[in-house]
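Written below as structure tokens is the structure these notes are about.
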Amino acid sequence: MRNADIAMILKEVADLLEIKGETAFKVRAYRKAVTSIEHLGIEVASLRSEGKLREIPGVGEAIAEKITEILDTGELQYHQRLRAEFPHGILVLMDVPGIGPKTAYRLCTELGISNLEQLEAALLDGRVSGLFRMGEKTAANILRHIQAARSREKRVPIGIALPLAEEIMDHLRRCFDLPDLTPAGSLRRFRDTVRDIDLMCTSDRAKEVIETFCSLPMVEAVIARGSTKGSILAHSGLQVDLRIVEPGSFGSLLQHFTGSREHNTTMRERAQRLGLKLSEYGITDVSAGVLERFTGEESFYRRTGLPWIPPELREGGLEILAAEQGRLPILLEEGDLRGDLHVHTSWSDGRDNIEAMALAARDMGYEYLAITDHSRGRGIARGLDAERLREQVDEVRAIDARLPGIRLLTGIELDIRADGSLDLPDEVLAGLDVVIASVHSSMNQDMDKMTARVLKAIEHPYVDIVAHPTCRILGERDPVAMDVESVLRAAARTGTALEINAMPDRLDLKDAHIYRARQLGVRLVLSTDAHCGQHVGLVRYGVRTARRGWCQAADIVNTRPLEEVVLKTGMLGASKREVATRHNE
DNA sequence: GCCGTTTTCGGCCCGACTGTTTTCAGTCG
């Protein structure tokens, strides 16, 4: 039973309790537990076996018992009983925007509706608008939402959303002086996917800015065009909101719209205990009844007794406690990185040659770059066999010798075959600086097989790094079935590094896994997996993802100068032994 | 149902918008 399954059962319990009219606080308690479980970097099952279920934020005695029942039996009696009270399918109604628990309950009890088809029919023939306190407009809105939801994409990978946001911001900056124009929302927090784009700025020409925004070339349709807020649908299907606010309240507004909801809720609960009321307009001292306004976020947080919290951490988990205790991490920054340990060239499926990749890395200010093309198993990617690899190593060394300003490392990205074996012999690997192994095939293996397969690679004496460990492609391919906790523990024990793959459609490991990896002391490498020179610059996506996993520079192997980079084997492994020898002398 | 500078009871974030109503319920972020 995986975390997502447990979370789904508890979410349905919350929805059903809400429909039933249970106390809002009870419903909220379940929702809070669901959010915690969804952001957990460790399997609930393994927490349970350690007797640590209650350590999940929002999980108390009652919910811990329910989780235990779910883990033991695969289901929850309480959940089954609640479901039996309502027509099958009622939960689908609540997923329609504009339909909350009250409306869902009435649609189901008064009209006997239990699916979207019945709902649509009732909307069209006037039964819905005939209900008490419902009208034509309400019915039309719900109908519009149903039809929109059918055609609309769900969440969009950040690698698509961020470039669009930046393009829009560039356009606006060319027309107006907008020094504080910035994304807010999940885009600013750098979640791996976003539902929409929120932009914010201050300006004394708000109306003109909004007019320009609504007539940009990427606009498909204008949804709203007001004096302080514009809302458009871009060609790509993404909704983009632009909000223009008073400079005096920019800090509290930016804080409010950056979220997450859980972060804001926790901030406000805490402030309430201090006699303060937080809102997007500022902070009110309840006893004095005076509203203080804030131009920046730093002063806003300071007024609540906290240091500024980086947006990437604002998920409402542990960041507020850490801020209170002065334990916020000094997060990794792009400038901390000194090299990239995973790129491809035209020797396999890359677009650029070795020298072009080296120059791209040098332009990034890097000190070193590992050339790690695919091995022979990747026939389709022109993977290297032992002979071509030897030729490539010669070329890498030749270019390294004549190219100043960057050190080139030899390497390979091996296939981990379905049985966990590698597709080049050990004696070939022994001469390389960097040996990466990764899964590229047979991705639908069951969890036991896949876990054993990856563990075998981690245990292999010549494997330095396991790349993109869960193999997900955002919006295209789910992560493989794998016991991530076991993989992390094995990586920590053996010293095999795991990769934070910076390609924006991978971001793998993901934030929660990175957080857990740090807890366990796993070595982490942050690489791009670039297939052309331009892609080396995509490293920032990986950096922001690492920050969401609370990474500091010291957590990432390739923030170290080359002579201190310690990988498991190869030349770098040799340097590890040399360092150890020198140390002993 | 959770949780503690209010610690085993009694609280639990804040405001905007919409549509349906003449003061507010429901929904959303």
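Keep in mind that the numbers below use all heavy atoms, side chains included, and drop hydrogens, waters and symmetry copies. Just so it is clear: chains get the letters A, B, ... in the order the sequence lines come, proteins before strands, and each one is counted from 1. Since we're looking at a predicted model, the values are computed, not measured.
Here the separation of B:dT8 from B:dG1, taken at their C1' atoms, is 14 Å to the nearest Å.
Considering only side-chain N and O atoms, A:Asn141 lies nowhere under 4.0 angstrom from the phosphate OP1 or OP2 of B:dT18. Between A:Gln272 and the phosphate of B:dC14, there is a side-chain N or O to OP1/OP2 separation shorter than 4.0 Å. When the side-chain nitrogen and oxygen atoms of A:Arg28 are compared with OP1 and OP2 of B:dC13, one or more of them lie within a distance under 4.0 Å. A sub-4.0 Å separation between OP1 or OP2 of B:dG15 and a side-chain N or O of A:Lys277 is present.
Backbone-only contact: A:Tyr281 has heavy atoms under 4.0 Å from sugar-phosphate atoms and none from a base. Nucleic acid contact class of A:Thr103 (heavy atoms, under 4.0 Å, all strands): sugar-phosphate only. Note on A:Val59: only backbone sugar-phosphate atoms sit closer than 4.0 angstrom, heavy atoms only; bases stay farther off. Across all strands, A:Asn264 comes closer than 4.0 Å to no nucleic acid atom at all (heavy-atom distances). Residue A:Met267 is classed as having no contact, given no heavy-atom separation below 4.0 Å to the nucleic acid.
Atom NZ in A:Lys26 sits about 12 Å away from atom C1' in B:dC2, given to the nearest Å. Going from atom CZ of A:Phe257 over to atom P of B:dC28 covers 17 Å, rounded to whole Å. The distance between atom CZ of A:Arg261 and atom P of B:dC14, rounded to the nearest whole Å, is 15 Å. If you take CZ of A:Arg314 and P of B:dC13, they are 20 Å apart, rounded to a whole angstrom. In this structure, the CD atom of A:Glu136 is 8 Å from the P atom of B:dT20, given to the nearest Å. Across the protein-nucleic acid pair, A:Arg31 atom CZ and B:dC13 atom C1' stand 16 Å apart, rounded to whole Å. Rounded to whole Å, the distance from CZ on A:Arg144 to C1' on B:dT27 is 14 Å. Atom CZ of A:Arg155 and atom C1' of B:dG29 are 13 Å apart (whole Å).
Applying the ring pair (Phe, Tyr, Trp, His ring centres under 6.0 Å) rule to A:Tyr30 yields no partners; only residues at least two apart in sequence or on another chain are considered.
The aromatic rings of A:His263 and A:Tyr301 sit tilted, their planes meeting at an angle between 30° and 60°.
In the set B:dG1, B:dC13, B:dC28, the nucleotide with an atom closest to the side chain of A:Lys66 is B:dG1. Distance from the side chain of A:Thr138 is smallest to B:dG19 among B:dG19, B:dG1, B:dC13.
Considering A:Arg506, A:Arg472, A:Arg544, A:Arg155 as possible partners of A:Asp192, the one that fulfils the side-chain hydrogen bond (donor to acceptor under 3.5 Å, both in side chains) test is A:Arg472.
Between A:Ile19 and A:Leu91 the shortest side-chain heavy-atom distance falls below 4.5 Å.
With both pairing distances under 3.5 Å, B:dT8 is matched to nothing as a Watson-Crick or G-U wobble pair.
Taking the centre and axis of the six-membered ring of A:Phe176, the NZ or CZ atom of A:Arg205 falls outside the cone set by 45° and 6.0 Å.
Ion pairing of A:Arg83 with A:Glu75 is absent here, as no side-chain N (NZ or NE/NH1/NH2) approaches a carboxylate O to less than 4.0 Å.
Nearest-nucleotide positions on DNA chain B for A:Glu61 and A:Leu278 put A:Glu61 closer to the 5' end. Comparing A:Val96 and A:Met134 by the nucleotide of DNA chain B whose heavy atom lies nearest to each, the residue mapping closer to the 5' end is A:Met134.
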